[in-house]
Amino acid sequence: MPNDRPVILMAALLTSGCFATDALAKECRATRSAYDRIETGMSMARVRTIFGCEGRQVTHMTIGATHRATYSWRGAGRYGANVTLTFRNGHLTRKAQLGL
C-alpha cells in the first residue's frame, strides 16, 4: 500500500505537534510593556505586530456595517495572566489585562 505513506506521514506530523506555527503559538505571551504600548484606535494589524502573534477570537458580532470582536492573549506573568481587547470595525475600543 505505497499510496498510504503520505497520509500516514501527515497524520503523524499533525498529532505530534511538529509544526513551527504551533510551537510559536504556545510561546507567544502578552507582556506588560507590550500592553502599555497598545492604544485606543489602533488597528488589529498594529496590535498583532506589537504582541508578535495572533490573538484568540472570543466573541464576534456584526450588525449592519458595524463589526465588533473581542480577542484575548495569554499573558506573561502570574498564573491566569491575560489581555482582552475589543475592536469595532478593526480598531481598538477597549483594553483590559489581568496579572501582567
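Heavy atoms only: backbone and side chains are in, while hydrogens, waters and symmetry mates are out. Numbers here simply count residues along the sequence, with the first being 1.
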State the NZ-OG1 distance between Lys95 and Thr40, to the nearest 0.5 angstrom.
7.0 Å
Just to verify, what does Thr93 make a side chain to side chain donor-acceptor pair (under 3.5 Å) with, not counting sequence neighbours?
none
How would you list, by chain and number, every residue that makes a side chain to side chain contact (heavy atoms under 4.5 Å, CB included) with Arg94, sequence neighbours excluded?
Thr86
For Gly99 and Ala81, work out which heavy atoms get closest and say how close.
O-CB, 3.5 Å
Excluding sequence neighbours, so at least two apart, what forms salt bridge (Lys or Arg N to Asp or Glu O under 4.0 Å) with Arg37?
none
Using side-chain contact (heavy atoms from CB on, under 4.5 Å), reason through Asn82 and Ser72 one step at a time and then give a plain yes or no.
CA-CA 7 Å; Asn82 67 79; Ser72 70; 5.6 Å; no
Test of understanding: with side chain to side chain contact (heavy atoms under 4.5 Å, CB included), list the residues that count as partners of Ala96, not counting sequence neighbours.
none
With sequence neighbours excluded, tell me which residues meet side chain to side chain donor-acceptor pair (under 3.5 Å) with Arg68.
none
ILVMFWY clustering at 4.5 Å (side-chain atoms), partners of Leu92
Tyr35, Ile38, Met42, Met44, Val47, Ile50, Phe51, Tyr71, Trp73, Val83, Leu85, Phe87, Leu100
Partner set under side chain to side chain contact (heavy atoms under 4.5 Å, CB included) for His60, not counting sequence neighbours
Gln57, His67, Ala69
Using the test side chain to side chain donor-acceptor pair (under 3.5 Å), find all partners of Ser33 that sit at least two apart in sequence or belong to another chain.
Thr31
For Asp36, what residues pass the side chain to side chain donor-acceptor pair (under 3.5 Å) criterion, not counting sequence neighbours?
Arg32
Quick one: does any side-chain atom of Thr49 pair with a main-chain N or O of Ala45 as donor and acceptor, under 3.5 Å?
yes
Sequence neighbours excluded - salt bridge (charged side-chain N to carboxylate O under 4.0 Å, His left out) pairs with any residue from residues 38-62
Arg48-Glu54
